[in-house]
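What follows is a set of notes on a single structure, which appears directly below.
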2 protein chains.
Amino acid sequence: MSDADTDADAVERAVEGCPAGGNDEGRDGHPATDLFTLLGRAHAVPILAHLVHGGSGAWRFSELESALDVAPNTLTTRLQEFAEAGLVERRSYDEIPPRVEYQATDRARDLDPVFRALHDWMDDHGEPALGVVVGDESASDD
Amino acid sequence: MSDADTDADAVERAVEGCPAGGNDEGRDGHPATDLFTLLGRAHAVPILAHLVHGGSGAWRFSELESALDVAPNTLTTRLQEFAEAGLVERRSYDEIPPRVEYQATDRARDLDPVFRALHDWMDDHGEPALGVVVGDESASDD
DNA sequence: CAGAATCCCTTCAGATACTG
DNA sequence: CAGTATCTGAAGGGATTCTG
């Protein structure tokens with residue numbers, strides 16, 4: 001090991017913590033793992049992407065439900081998890097019919113570099129083993 | 001809010017695909033989700049970090065097992081998944097006692113920008129809701 | 001030593017039905 | 001409209017045991 005603290009350093013810091021130490025936050029206690037676990041759940045990324053993509057911000061429950069084709073309970077769970085993680089802000093208006101709007105927070109938008117890096121990684125490696133290609137790397141996006 | 005196609009663009013591209021369209025690779029069919037799902041599994045990030053951190057590369061099964069405190073079957077599963085995803089290279093030497101070495105591939109090392117961005121995000125937002133802080137943002141790492 | 005196989009348990013996620 | 005409740009099925013993950 002001679003160059004084991006340059007590129008892997010960020011990973012090291014991002015993964016710091018003690019496994020099975022007594023915490024019960026996510027599944028291991030690692031911050032990175034927590035985030036991955038959260039985003040790794042069903043429809044998590046599509047939902048978040050949909051919310052983030054909406055610059056206007058306001059998204060109704062049924063809008064997300066029909067647009068993303070997600071079961072209502074699952075959508076509720078994801079939304080709650082996101083709200084709990086501070087990625088989504090929930091605003092309920094006390095009127096009839098009831099209206100609840102979900103909006104991606106600044107925290108969620110700031111995740112963009114991560115997705116950008118991820119996109120760059122996928123674009124660079126093609127990701128053949130995972131089955132799906134990124135989409136259109138032929139288009140001059142960035 | 002009228003900047004709905006700048007920062008969220010990468011997320012859009014990273015999430016492209018059709019939900020429940022007919023694919024059955026990971027769980028949704030989104031490349032990003034696949035990666036998150038893979039890394040979101042138990043001990044996935046610690047294992048990968050341990051492998052990436054070892055610049056020399058060669059890690060024995062029992063080394064990982066004892067160092068990470070992971071059940072053998074789980075470790076085997078993660079290692080297989082990583083190998084299948086091209087993140088880890090498995091080399092088995094036909095000798096007695098049998099020796100198998102696992103090494104992080106270039107593809108895995110190139111994930112560093114993602115982790116770096118993630119670390120930066122955590123460092124920026126503190127990640128209070130997810131329970132665990134990044135580690136030492138007091139130290140001048142980057 | 002490395003890991004495959006087995007059993008058991010927990011969690012997740014979808015469908016459905018019902019309420020404010 | 002926006003959920004909550006309940007149920008069922010399916011993976012995930014751990015411990016243990018056994019084999020090459």
Side-chain angles (χ1 to χ4, degrees), chain A residues 19-21 24-30 33-34 36-47 50-51 58-84 88-103, chain B residues 19-21 23-30 33-34 36-47 50-51 58-85 88-103:
Chain A
D24 58 309
E25 306 83 29
R27 50 138 36 78
D28 283 324
H30 302 89
T33 305
D34 288 340
F36 287 141
T37 302
L38 188 66
L39 293 179
R41 297 207 201 294
H43 304 284
V45 175
I47 292 173
H50 203 85
L51 287 169
W59 288 98
R60 310 287 293 271
F61 187 86
S62 38
E63 282 180 319
L64 297 171
E65 189 179 2
S66 56
L68 295 167
D69 193 52
V70 187
N73 46 10
T74 302
L75 181 58
T76 300
T77 305
R78 278 313 87 81
L79 252 20
Q80 284 179 351
E81 291 169 352
F82 284 154
E84 200 167 337
V88 166
E89 184 187 359
R90 188 197 126 120
R91 267 173 301 180
S92 58
Y93 300 91
D94 205 39
E95 46 186 69
I96 297 175
R99 177 163 54 122
V100 180
E101 289 181 346
Y102 295 92
Q103 185 171 13
Chain B
N23 296 331
D24 59 308
E25 306 81 29
R27 48 136 40 78
D28 283 322
H30 302 86
T33 304
D34 287 341
F36 287 140
T37 301
L38 188 67
L39 293 178
R41 297 207 200 293
H43 306 285
V45 174
I47 292 174
H50 204 84
L51 288 168
W59 288 97
R60 308 288 293 273
F61 187 86
S62 37
E63 282 180 320
L64 298 171
E65 190 179 2
S66 56
L68 295 167
D69 192 53
V70 187
N73 48 8
T74 302
L75 181 58
T76 300
T77 306
R78 273 322 81 83
L79 252 20
Q80 284 178 351
E81 291 170 352
F82 285 154
E84 199 168 336
V88 165
E89 184 186 0
R90 187 196 125 121
R91 267 173 301 182
S92 58
Y93 300 90
D94 205 39
E95 46 186 68
I96 297 175
R99 178 166 52 128
V100 181
E101 289 181 345
Y102 296 91
Q103 184 172 14

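No donor-acceptor pair under 3.5 Å is formed between the side chain of R60(B) and the backbone N or O of R99(B). Side chain of S92(B) to main chain of V100(B): no donor-acceptor pair is present (N/O by atom type, distance under 3.5 Å, no hydrogens or angles).
Between the CG atom of L38(A) and the P atom of dA13(C) there is a distance of 10 Å, given to the nearest Å. Spacing between atom NE2 of H43(A) and atom C1' of dA15(C) amounts to 13 Å, rounded to whole angstrom units. In this structure, D94(B) atom CG and dC1(C) atom P are separated by 18 Å, rounded to whole Å. The CH2-P distance, from W59(A) to dA2(D), rounds to 13 Å in whole Å. Here the P atom of nucleotide dC1(D) and the CD atom of E65(A) are 10 Å apart, to the nearest Å. Going from atom OH of Y93(A) over to atom P of dG3(D) covers 13 Å, rounded to whole Å. Put simply, CG on L64(A) is 12 Å from C1' on dA2(D), counting in whole angstrom units. Taking atom CG of L75(B) as the reference point, atom P of dA15(D) lies 13 Å away to the nearest angstrom.
Annotation: the span from R78(B) atom CZ to H43(B) atom NE2 amounts to 8.5 Å, rounded to 0.5 Å. Atom CG of L38(B) and atom CD of E81(B) lie 5.5 Å apart (nearest 0.5 Å). Rounding to the nearest 0.5 angstrom, the gap separating the CG atom in L39(B) from the CD1 atom in I47(B) is 11.0 Å.
Between R60(B) and the phosphate of dA2(C), there is a side-chain N or O to OP1/OP2 separation shorter than 4.0 Å. Neither OP1 nor OP2 of dG13(D) sits under 4.0 Å from any side-chain N or O of T74(B). Contact check, R41(A) against dC12(C): a side-chain N or O comes under 4.0 Å of OP1 or OP2.
Fit an axis to the five pairs at each end of the helix from dC1(C)-dG20(D) to dG20(C)-dC1(D) and the two axes sit 40° apart, to the nearest 10 degrees.
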| What string of B, S and - do you get for nucleotides 4-9 of chain D 5' to 3' if you count protein non-hydrogen atoms under 4.0 Å? | BBB---
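Nearest-nucleotide positions on DNA chain C place E81(A) closer to the 5' end than the other of P98(A) and E81(A).
Among all heavy-atom pairs drawn from A58(A) and E63(A), the shortest one is O-OE1, 4.1 Å. For F61(B) against L75(B), the heavy-atom pair with the smallest separation is O-CD2, 3.6 Å. Heavy atoms only, all atoms of each residue included: Y102(B) and L51(B) are closest at O-CD2, 3.7 Å.
Note on Y102(B): only backbone sugar-phosphate atoms sit closer than 4.0 angstrom, heavy atoms only; bases stay farther off.
When each of dC1(D), dG3(D), dG13(D) is scored by its nearest atom to the side-chain atoms of R78(B), the top-ranked nucleotide is dG13(D).
No side-chain heavy atom of R90(A) sits less than 4.5 Å from a side-chain heavy atom of F82(A).
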